[in-house]
Amino acid sequence: MKVFYVTTPIYYANSLPHLGHLYTTTVADVITKHKRQRGFDAFFLTGTDEHGINIQRAAEKAGKTPKEQVDYIASELKKMFADFGIVEDENGYSIFMRTTEQFHYEGAQHFWRQIAKNKTPKGNPNIYKGYYEGWFCAPCAAFKTEDEYEVREGAEAPFCLIHEKPLDRVSEESYFFRLSDYSEVLLEIIHKHPEKIRPEARRNEVIAFIERGLQDLSISRERRSVNWGIPVPDDQNHVMYVWLDALSNYITALGYGNKQKSGFEKYWKHAHHLVGKDILRFHTVYWWAFLLAAGLDLPQVVFAHGMWLDAQGRKMGKTLGNVVELDILKKHFQVDAIRYFFLREMVFGQDGNFGYENLIDRVNADLANGLGNLVSRTLAMVEKYCKGRIPSCKISQENRILTKHEMTSLDEQEIVTTLEHARDEFIRRFDNFEFSQALEVIWKVIAKVDKMITDSKPWELAKQQHQTEALNALLYRAVETIRWLAVLLYPVLPDATRRIYRQIGLEGDPAKVNPENLRWGELPEGIRIQKVEAVFPRIDKRGVMNEIMNEAKVEKQEAEDYITIEDFLKVDLRVGEIKGAEKVPDADKLLRLEVDLGEEKPRQILAGLAEYYSPEKLIGRKVVVVANLKPRKIRGLESQGMICAASLNKDDIPAIATFIEEVKNGARLK
RNA sequence: GCCCUUGUAGCUCAACGGUAGAGCAGAGGACUCAUAAUCCUUUGGUUGGGGGUUCGAAUCCCUCCGAGGGCACCA
């Protein structure tokens, strides 16, 4: 039997489910359904990564124990998956992996022991004890990484972003993995098997990373600083650190190093890891080195997929208020529509844009007008012209010539060939992770059948007695094609294709039909079609968008208190030197200033500072100017900018913003 | 800062040295079996700007501008 193993990352249990979790898991679900349809024994793993300092902190913040925290997140994630049709059954995932389970502890410790037992390719011990040194924040009780602290001018130590206090240089006893001995082996493997890391651009990044040289990796933490983790075997003072623990889930779930689970021998050598591009390195460099160290096979493929950006191509985030909310998706869209969109809209491996409008457009164009309408027009005609029974495809000898004349657009062999090619191409694309292209192939077939129907004019054939056979054959061909498409599309549209199956009057389940075994003509004639209902009702774009906007509004208003960096950069703040200053006649407060912004000639700027600054005091000062303020006339004089000054109340004396260091005129403030 | 990728019709992308294409959106027409659907026709681009190599460049080279990403222990 053919075997397949696909994994999503196990999601870190410190935050609630979001679109990214749903996306990756949906893709894995689609792949699994497709492989099982084709007779593969497919194992599908998803789950949660439940250890580490960040979980400890998230738990503290929520007033929970770490275990309560991870139980909560794991159940939320499962619930969300179930909401979107991803469940643990014979068509869904095989295990919801959790790293806090006993079998994983045993397996991960076994993994550690194996690594420790073996030597590196250069003959050194894989694991040694040393000291991990880093910037440590005492109040946080944690080491800080580069993006968790800020370096301040003149300060000896960087500052913690949370506590705004200088960090300590601290070293802690740690076990190290001798990653530095693995550069050559890893590069050799990647060059020999480039298909193991995809897409290519990401593979090149990994190669570049390794070529820069690998440092040894700290793989444990002292229990007194992090205790929410798996104990290092034979050393109660240490717990295993993140990656060794988390990554090993892919094998412990299959029974590696434990007796509760099984399947390692069968599945592991067929492993395909789907990962976000942000964690590709850990799944190639670190994970592969660990596996080599433990003497295990490497996975077949590590595929880094892209991220969903918003409709404008910006990253999604709370501050922008552009996050796609799962409950809105759930409320307004069929699960199948979302699955289709995920696979059709994003070229797997690249980033994609996710907008509700794009989604609606896709659903209406492809699912409602395309697939859905083809099904309903075809079955409506079967009902109307054939008394609701699938007609015969046979055309008798005496009618052949006449029929051919009428149905010039299509002979049977042509559509059979088209379908078989499409099927083969679809499977080939699917096996190669090219889901959007695979779906395009199917939609070309849909267009072709629509054209065949329109060209053959069945409503006219129906009026002519001698054309009954031609009409029947045409409708049979259309329904038979739909049957094929239902089978092929089942992994992507599990619910819709089953409904289509039932409407055609077929008994079985498309999940159980291997697309490779589809044979033209196996649709039995004479079966009774069932009630025809729109599989994908058209979505009223304007109406639904309005509803979504209203529902999403609360979130957005909160976000509007912030501006983005783009907003800020719209304001062109520049350094200017005041070259000339004089009081504007007949005005109490107004000064006319000549400000040099490093441009061809100084700008004339009017400022209401005369009550507080005498003109001669200002000459030579460097000030901050809003350079792209729309020019306006004041007292008949054009002001070409604005001088920035600070004051608390309207009546307070303003203080002009200025510089202590030397700056060039025209320099931009950012 | 260094390195990589990318910039093609309103939108998403294809062509990767030989007369710029597809889908969606827009416009017009046909048709009525169908979810105002489908089918046909059609508008629309000096391929980010400039320079170069070539008989010929979206495609190769240089440069500028814009977008995205990578540069190690954060999952």
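Quick note on labels: first sequence line is chain A, next is B, and so on, each numbered from 1.
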Heavy-atom donor-acceptor pair, A:Q56 side chain to A:P66 backbone, under 3.5 Å: no
Can you find a side chain N or O atom of A:N369 that sits less than 4.0 Å from OP1 or OP2 on B:U38? yes
P spacing across the pair B:U8 / B:U59, given as an integer number of angstrom: 13 Å
May I ask you to say what A:R362 touches in the nucleic acid, namely base, sugar-phosphate or nothing, with a heavy-atom cut-off under 4.0 Å? nothing
Hey, does A:W243 reach any base, or is it just sugar-phosphate, or nothing, if we go heavy atoms under 4.0 Å? base
On RNA chain B, compare the nucleotides closest to A:N14 and A:L371; which residue's is nearer the 5' end? A:L371
Between A:Y241 and B:A75, is there a contact of a side-chain N or O with OP1 or OP2 at under 4.0 Å? yes
Hey, could you give me each pair passing salt bridge (charged side-chain N to carboxylate O under 4.0 Å, His left out) that has a residue in residues 348-358 of chain A? Not counting sequence neighbours. A:K277-A:D351, A:E357-A:K541
Think A:K451 has a side-chain N or O under 4.0 angstrom from the OP1 or OP2 of B:C40? yes
Ignoring the backbone of A:R538, work out which of B:C74, B:C39, B:U35 is nearest its side chain. B:U35
Is A:G276 touching bases, backbone alone, or none of the nucleic acid, heavy atoms closer than 4.0 Å? nothing
Is a donor from one side chain sitting under 3.5 angstrom from an acceptor on the other, for A:N54 and A:N14? no
Anything below 3.5 Å on both distances counts as a pair; with that, list the stems of at least three consecutive Watson-Crick or G-U pairs involving RNA chain B. B:1-7 with B:65-71, B:10-13 with B:21-24, B:26-30 with B:38-42, B:48-52 with B:60-64
Could you tell me how the ring of A:H283 sits relative to the ring of A:W243: parallel (under 30°), tilted (30 to 60°) or perpendicular (over 60°)? perpendicular
Under the side chain to side chain donor-acceptor pair (under 3.5 Å) test, residues paired with A:T24 that sit two or more places apart: A:H305
Classify the nucleic acid contact of A:N373 as base, sugar-phosphate or nothing, counting any heavy atom under 4.0 Å across all strands shown. base
Rounding to the closest angstrom, what is the interatomic distance between B:A14 and B:A9 at atom C1'? 13 Å
Would you classify A:F536 as touching base, sugar-phosphate or nothing, given that sugar-phosphate means primed atoms plus P, OP1 and OP2, and contacts are heavy atoms under 4.0 Å? base
Contact class for A:V535 vs. all strands (heavy atom < 4.0 Å): base, sugar-phosphate, or nothing? base
In whole angstrom, give me the gap between the C1' atoms of B:C24 and B:C31. 23 Å
Straight-line distance of A:Q69 CD to A:R57 CZ, nearest 0.5 Å: 13.0 Å
Does A:A447 reach a base, just sugar-phosphate, or nothing at all? Heavy atoms under 4.0 Å. sugar-phosphate
Applying side chain to side chain donor-acceptor pair (under 3.5 Å), name anything that partners A:T497, two or more places apart in sequence or on another chain. none
Counterpart residues, side chain to side chain donor-acceptor pair (under 3.5 Å), relative to A:Y476 (two or more places apart): none
Rounding to the closest angstrom, what is the interatomic distance between B:G44 and B:C11 at atom C1'? 13 Å
Rounded to whole Å, CD of A:E440 lies from P of B:A15 at a distance of 12 Å
Expressed in whole Å, how much space separates the P atoms belonging to B:G48 and B:U38? 33 Å
Checking A:R499 now: which residues fulfil salt bridge (Lys or Arg N to Asp or Glu O under 4.0 Å) with it, not counting sequence neighbours? A:D495
Result block: side-chain N/O donor-acceptor pairs under 3.5 angstrom for residues 366-375 of chain A, not counting sequence neighbours:
from, atom 1, to, atom 2, distance (Å)
A:D366, OD2, A:Y340, OH, 2.6
A:D366, OD2, A:R362, NH1, 2.9
A:N369, OD1, A:R538, NH1, 2.9
A:N369, ND2, A:N364, O, 3.4

Between B:U12, B:G70, B:A72, which nucleotide has the shortest distance from any of its atoms to the side chain of A:E205? B:G70
Looking at every heavy atom in both A:T46 and A:P9, which two are closest together, and how far apart are they? OG1-O, 4.3 Å
Separation of B:C24 atom C1' from A:Y340 atom OH, nearest Å, is 11 Å
Which residue lies more 5' along RNA chain B, comparing A:K277 with A:L214 via nearest heavy atoms: A:K277
Compare the minimum distances between each of B:C24, B:C73, B:C74 and the side chain of A:Y286, then state the nucleotide with the smallest one. B:C73
If I take atom CG in residue A:L439 and atom C1' in nucleotide B:A22, what distance separates them, rounded to the nearest angstrom? 16 Å
Using the C1' atoms only, state how far B:G50 lies from B:G7, rounded to an integer number of Å. 16 Å
Rounded to whole angstrom units, what separation is found between the CD atom of A:E211 and the C1' atom of B:A72? 15 Å
Report, as a single string ordered 5' to 3', how protein heavy atoms within less than 4.0 Å touch nucleotides 28-33 of chain B: B base, S sugar-phosphate only, - not at all. ---SSB
Taking only residues two or more places apart in sequence, or in another chain, which ones meet A:R428 in a side chain to side chain donor-acceptor pair (under 3.5 Å)? A:E425
Between A:I207 (CD1) and B:G70 (P), how many Å, whole number? 17 Å
Measure from the side-chain heavy atoms of A:R202 and tell me the nearest of B:G70, B:C74, B:A72. B:G70
Across the strands shown, which category fits A:I219 at heavy-atom distances under 4.0 angstrom: base, sugar-phosphate, nothing? nothing
What distance, rounded to whole Å, do you find between the two C1' atoms, one in B:U35 and one in B:G18? 46 Å
Between P on B:U5 and CG on A:D351, what's the gap in Å once rounded to a whole number? 17 Å
A:D310 CG to B:A67 C1', in whole Å, measures 14 Å
Taking B:U43 as the reference, what is the distance to B:A20 when you measure between their P atoms (whole Å, please)? 16 Å
Distance in angstrom units between A:Y182 OH and B:A72 C1', rounded: 18 Å
